[in-house]
Amino acid sequence: MAGGYVYDQSFAEERARLAGIESLWDPGSQALLDGLGITGGWRCLEVGAGGGSLVQWMVSRGATVTAIDIDTRFVEPLAGDRVDVRRMDIRADELPWHEFDLVHARLVLEHLAERREIIDRLVASLRPAGWLVIEDYDWTTFGFDDGDPRFERVAESVMAFMQQAGFDPRYGRRVVADMAAAGLADIRGEGRARVIDSDSPGFDFFRLSFESIRDAVVDAGLLSGADADAAAARFGEHMRVITPMMVAGIGRR
């Protein structure tokens, strides 16, 4: 575990897990950022760059991007004239001041107990009139369409384990208020959720997220080995999931 981030960075299928996030949410994130007018000459900061898909997309729009993460192995191949890759922990490492036209973070702050202070630091890194976009989950919409009680217990156990490390499963519903408290202007928010099945691009995010931390949840005494095995078997069957709500907060310095 890296600080408050519970997913195993050494997990053999971590890149595939991140690809699931990209399949599910990149189209919506790109539409949000396109609406801000991202274009050539913009300097962007991608917080929690992950697999680098949004970094590549920003560069395709003509932007110069600083990509930061606690694990940069998947974005390091993108480093070049228009991409600066930095291994950073945003809770402690210094960010440049007044440098960026856009700062974007997706599925990062929900994991970090210091999220409110981090927002202040992200705001300080913006140029005057620069945009901050933060996207995080509200897990209250999440569920399985068959209502299997064993699967519900597994989901509750995983959430409990993550919360012990500082994760907030409802942070999406608070992100706009935190951005307003940080003094941003032109604030707005929106949410999006999906209903997908095991054949859908992106479903592997849920399956592989479980696989990444299942042993740790069992070791913590929050889930029995039998229930973990049953859940793993169910993920191999055809099933349908209602995703958590991805809530975006958008504001301008």
Side-chain angles (χ1 to χ4, degrees), residues 4-7 17-18 20-38 44-51 53-54 57-58 68-69 90-91 100 102-123 125-126 130-144 155-156 158-160 162-163 165-196 200-203 205-206 209 241-253:
Y5 191 70
V6 301
Y7 292 108
R17 194 183 75 85
L18 296 175
I21 295 175
E22 295 164 355
S23 295
L24 283 169
W25 306 116
D26 272 12
S29 296
Q30 292 167 6
L32 283 174
L33 301 180
D34 252 346
L36 302 180
I38 184 171
C44 302
L45 175 65
E46 180 65 13
V47 180
S53 62
L54 288 179
W57 179 84
M58 291 174 183
I68 66 174
D69 208 316
I90 58 171
R91 297 169 299 179
F100 301 107
L102 168 68
V103 174
H104 176 255
R106 184 176 68 190
L107 301 181
V108 176
L109 269 66
E110 62 186 29
H111 292 280
L112 306 177
E114 307 88 348
R115 57 188 67 89
R116 180 61 189 83
E117 293 79 8
I118 291 168
I119 288 178
D120 287 336
R121 299 178 66 219
L122 296 179
V123 170
S125 74
L126 287 169
W131 291 99
L132 176 61
V133 179
I134 298 175
E135 299 184 85
D136 277 304
Y137 282 147
D138 178 351
W139 279 86
T140 54
T141 61
F142 178 74
F144 307 94
E156 290 169 4
V158 169
M159 288 293 119
M162 295 173 67
Q163 285 177 274
F167 177 72
D168 183 349
R170 294 187 174 188
Y171 186 60
R173 67 175 57 195
R174 285 188 281 276
V175 64
V176 170
D178 277 0
M179 292 173 69
L184 292 169
D186 300 327
I187 291 178
R188 63 186 187 274
E190 64 176 66
R192 57 195 193 274
R194 298 184 58 188
V195 180
I196 63 173
S200 303
F203 182 83
F205 165 72
F206 298 101
S209 292
V241 170
I242 298 90
T243 71
M245 178 81 71
M246 178 71 83
V247 182
I250 306 157
R252 195 168 200 171
R253 180 168 182 177

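All residue numbers refer to positions in the sequence shown, counting from 1.
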Taking the side chain as C-beta and beyond, is there a heavy-atom pair between [X] and [Y] under 4.5 Å?
X	Y	answer
Val47	Ile118	no
Leu107	Glu135	no
Pro169	Met162	no

Check: Got a sec, which residues hit salt bridge (charged side-chain N to carboxylate O under 4.0 Å, His left out) with Arg174, two or more places apart in sequence or on another chain?
Finding: Asp168
Taking only residues two or more places apart in sequence, or in another chain, which ones meet [X] in a side chain to side chain contact (heavy atoms under 4.5 Å, CB included)?
X	value
Val247	Asp138, Val175, Met245
Ser23	Pro201
Leu36	Leu33, Trp42, Leu102, Trp131, Val133, Arg188, Ile250
Glu22	Arg15, Ala19, Asp26, Ser53, Arg106

Which atom of [X] lies closest to which atom of [Y], heavy atoms considered:
X	Y	answer
Ile187	Ala180	CD1-CA, 3.2 Å
Phe167	Arg115	C-NH2, 4.1 Å
Val123	Ala182	CG2-CB, 4.1 Å
Tyr171	Asp178	OH-OD2, 2.8 Å
Ser125	Leu45	OG-CD2, 4.2 Å

Interatomic distance, [X] atom [atom1] to [Y] atom [atom2] [nearest 0.5 angstrom]:
X	Y	atom1	atom2	result
Leu18	Ile21	CG	CD1	5.5 Å
Leu184	Ile119	CG	CD1	8.5 Å
Thr141	Arg192	OG1	CZ	12.5 Å
Leu32	Glu190	CG	CD	4.5 Å
Leu109	Met179	CG	CE	10.0 Å
Phe205	Ile196	CZ	CD1	9.5 Å

Next item on the list: Ignoring hydrogens and angles, state whether a donor on the side chain of Arg170 or Thr140 is under 3.5 Å from an acceptor on the partner side chain.
Entry: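 Not at all, the side chains of Arg170 and Thr140 share no donor-acceptor pair under 3.5 Å.
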Margin query: Would you say the ring centers of Phe206 and Phe142 fall short of 6.0 Å from each other?
Written below: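 When the ring centroids of Phe206 and Phe142 are compared, they turn out to be within the sub-6.0 Å range.
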Verify, without hydrogens or angle tests, whether [X] (side chain) and [Y] (backbone) share a donor-acceptor contact under 3.5 angstrom.
X	Y	value
Glu110	Tyr137	yes
Arg194	Thr243	no
Arg252	Asp186	no

Item checked: Ile38 and Trp57: CA distance, side-chain angles, deciding distance, side chain to side chain contact (heavy atoms under 4.5 Å, CB included) verdict -> CA-CA 11 Å; Ile38 184 171; Trp57 179 84; 3.8 Å; yes
Note to self: List the residues meeting side-chain hydrogen bond (donor to acceptor under 3.5 Å, both in side chains) with Glu46, not counting sequence neighbours, and say none if there are none.
What the structure shows: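 side-chain hydrogen bond (donor to acceptor under 3.5 Å, both in side chains) list for Glu46, sorted by chain: His104.
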